[in-house]
Amino acid sequence: MVASGTFGYAREMAGLVDLARLGAIIPKTITASPRPGNPPPRTCETAAGMLNSIGLDNDGIEAFVEHQLPYLAGIGTAIVVSIAGKNYDEFLQMAARLDGVPGVAALELNISCPNVSGGVDFGTDAAMCRRVVAGVRGVCALPVLAKLTPNVTDVAAIAKAAEEGGADAISLINTCLGLAVDWRRRRPRLGNVLGGLSGPAIKPIALRAVFQVARAVRIPVVGMGGIAGIDDVMDFLVAGATAVQIGTANFYDPTVSMRVLDALPGALAELGARCVGDVVGTLNTAPP
Ligand SMILES: Cc1cc2nc3c(=O)[nH]c(=O)nc-3n(C[C@H](O)[C@H](O)[C@H](O)COP(=O)(O)O)c2cc1C
């Protein structure tokens, strides 16, 4: 799958990627009302990654349904719609609005964005996480993925709460909260001061989170964070992810998802596996 916020609304990638080969497309998170996002600069490059503070810039759910979904629905791959509510009621209203809308295969609840004030509460408090997932579950029949933040002490506890609330899968990780400084100007490099770190720099954190969560829940885990090639994908599968998403790598190599799909059968064969399921969670942690 391609990760939310890193693939536009897919249209701009159509000439570069055979979109129908993707397992799913997760478009940029939508909110109930249009949002202008955070002040620029909104991105900056860092060692082995990037920092962003987009701030959920989007045109709102109605514009998405009217202008983006018809195109997305015709691609021939699953469209997982990422939603973020300002509060409990807004999450439920958005989920109810999308329930039964043609072209929507599942919802990913973005309860993990570090770039909006109040946005991350649902992902850092187990009780709030359980409640919002259960609420969404109650108003919509779509499969629900809860997307979690690594910016917590115990990510497995939050994942368990999402599972108890009725989530069908856990996606993780969203970005790691970070800061980039231009010391000569004594200024932060991002207009919003803090931002979310992504790319290869966060892969060990993401693998750790996937490993811990996969052992704590029974539902599938969708892993992401720094995936840029087949070796990264295989690391995530072996660590416990049932599926993966690719984010930042799309920016510097939009064809990365195709490369990974081409290489997957060979990598599975190296392990004597016939399918992805044969390798999921097979990490051997016994002392060497
Ligand atoms: C520029 C940018 C925008 C993003 N926007 C969103 C978003 O709208 N919703 C979301 O759930 N995640 C968003 N993310 C997070 C990614 O989906 C992903 O969880 C994270 O970047 C880690 O994966 P990666 O290292 O492969 O990028 C964004 C990431 C970047 C770099």
Side-chain angles (χ1 to χ4, degrees), residues 1-10 12 24-31 34-38 40-61 64 68 80-85 91 94 106-116 119-120 122-123 144-151 155 169-178 180 190-192 194-210 221-229 232-233 235-236 241 243-254 256-257 260:
M1 308 178 201
V2 283
S4 182
T6 64
F7 208 70
Y9 294 103
E12 44 281 64
I25 294 170
I26 300 136
K28 174 79 185 165
T29 298
I30 52 170
T31 50
R35 283 177 59 92
N38 287 327
R42 293 172 167 191
T43 60
C44 78
E45 200 168 329
T46 57
M50 66 178 281
L51 211 55
N52 92 81
S53 63
I54 307 293
L56 299 186
D57 179 341
N58 80 105
D59 293 337
I61 189 169
F64 173 78
Q68 308 297 347
V80 178
V81 179
S82 171
I83 62 170
F91 263 109
M94 294 182 78
L107 296 182
E108 186 173 79
L109 308 186
N110 181 356
I111 51 173
S112 44
C113 182
N115 296 320
V116 290
V120 89
F122 290 103
V144 173
L145 292 79
K147 183 166 176 181
L148 303 187
T149 173
N151 306 317
V155 71
I170 304 291
S171 301
L172 77 173
I173 59 175
N174 209 318
T175 53
C176 303
L177 195 58
L190 293 178
N192 191 48
L194 304 185
L197 184 64
S198 63
I202 68 169
K203 184 183 152 195
I205 296 171
L207 275 177
R208 180 270 299 168
V210 163
V221 173
V222 180
M224 80 199 85
I227 295 179
D232 303 318
V233 170
D235 286 351
F236 272 84
V244 295
Q245 295 180 15
I246 300 182
T248 299
N250 290 307
F251 292 131
Y252 59 87
D253 178 6
V256 57
S257 49
V260 158

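The basis for the numbers below is simple: all heavy atoms, side chains too, and nothing from hydrogens, waters or symmetry mates. Order of appearance sets the numbers: ligands from 1, and atoms from 1 within every ligand.
Close contacts between ligand 1 and Met224 involve ligand atoms 18 (C), 19 (O), 23 (O) [criterion: under 4.0 Å to a heavy atom]. Each of the atoms 8 (O) of ligand 1 lies under 4.0 Å from some heavy atom of Leu56. Against a heavy-atom cut-off of under 4.0 Å, Lys28 is close to the following atoms of ligand 1: 5 (N), 6 (C), 7 (C), 8 (O). Heavy-atom proximity to Thr175, at under 4.0 Å, picks out these atoms of ligand 1: 20 (C), 21 (O).
Tyr252 contributes atom OH, which lies 11.0 Å from atom CE of Met50 (distance to the nearest 0.5 angstrom). Atom OG1 of Thr43 and atom CG of Leu51 lie 9.0 Å apart (nearest 0.5 Å).
There is no side-chain donor-acceptor pair under 3.5 Å between Ser82 and Asn110.
Between Met94 and Leu107 the shortest side-chain heavy-atom distance does not fall below 4.5 Å. Considering only heavy atoms from C-beta on, Ile26 stays 4.5 Å or farther from Lys147 through its side chain. Contact annotation: the side chain of Lys28 never approaches that of Gln68 to less than 4.5 Å [non-hydrogen atoms, C-beta and beyond].
Among protein heavy atoms, the minimum distance from atom 21 (O) of ligand 1 is reached at Ser198 CB, 3.3 Å. Looking only at heavy atoms of the protein, atom 22 (C) of ligand 1 is closest to Ile173 O, 3.6 Å. Counting protein heavy atoms only, atom 2 (C) of ligand 1 is closest to Asn52 ND2, 3.4 Å. The single protein non-hydrogen atom nearest to atom 3 (C) of ligand 1 is Gly5 O, 3.4 Å, given as residue, atom name and distance. In terms of protein heavy-atom proximity, atom 12 (N) of ligand 1 is closest to Lys147 NZ, 3.0 Å. Among all protein heavy atoms, the one lying closest to atom 15 (C) of ligand 1 is Asn174 OD1, 3.4 Å. In this structure, the protein non-hydrogen atom closest to atom 26 (O) of ligand 1 is Gly247 N, 3.0 Å. Of all protein heavy atoms, the one closest to atom 9 (N) of ligand 1 is Thr29 OG1, 2.6 Å.
Atom CG of Asp59 sits in a sparse spot, with 12 or fewer heavy atoms from other residues, nucleotides or ligands closer than 6.0 Å.
In this structure, Asn58 has no heavy atom closer than 4.0 Å to ligand 1. Close to ligand 1: Gly225, with a non-hydrogen atom less than 4.0 angstrom away.
Tested against Ile83 for a side-chain contact (heavy atoms from CB on, under 4.5 Å), the candidates Ile30, Ile111, Thr29 yield a single pass: Ile30. Just one residue in the list Leu109, Val222, Val80 forms a side-chain contact (heavy atoms from CB on, under 4.5 Å) with Ser171, and that residue is Val222.
Scanning Cys176, Gly226, Gly49, Ser4 for the heavy atom closest to atom 14 (N) of ligand 1 points to Ser4.
Annotation: Asn110 places an N or O atom under 3.5 Å from an N or O atom of ligand 1; distance criterion only.
Taking the six-membered ring for Trp and thresholds of 30 and 60 degrees, Phe64 and Tyr9 have ring planes inclined between 30 and 60 degrees apart.
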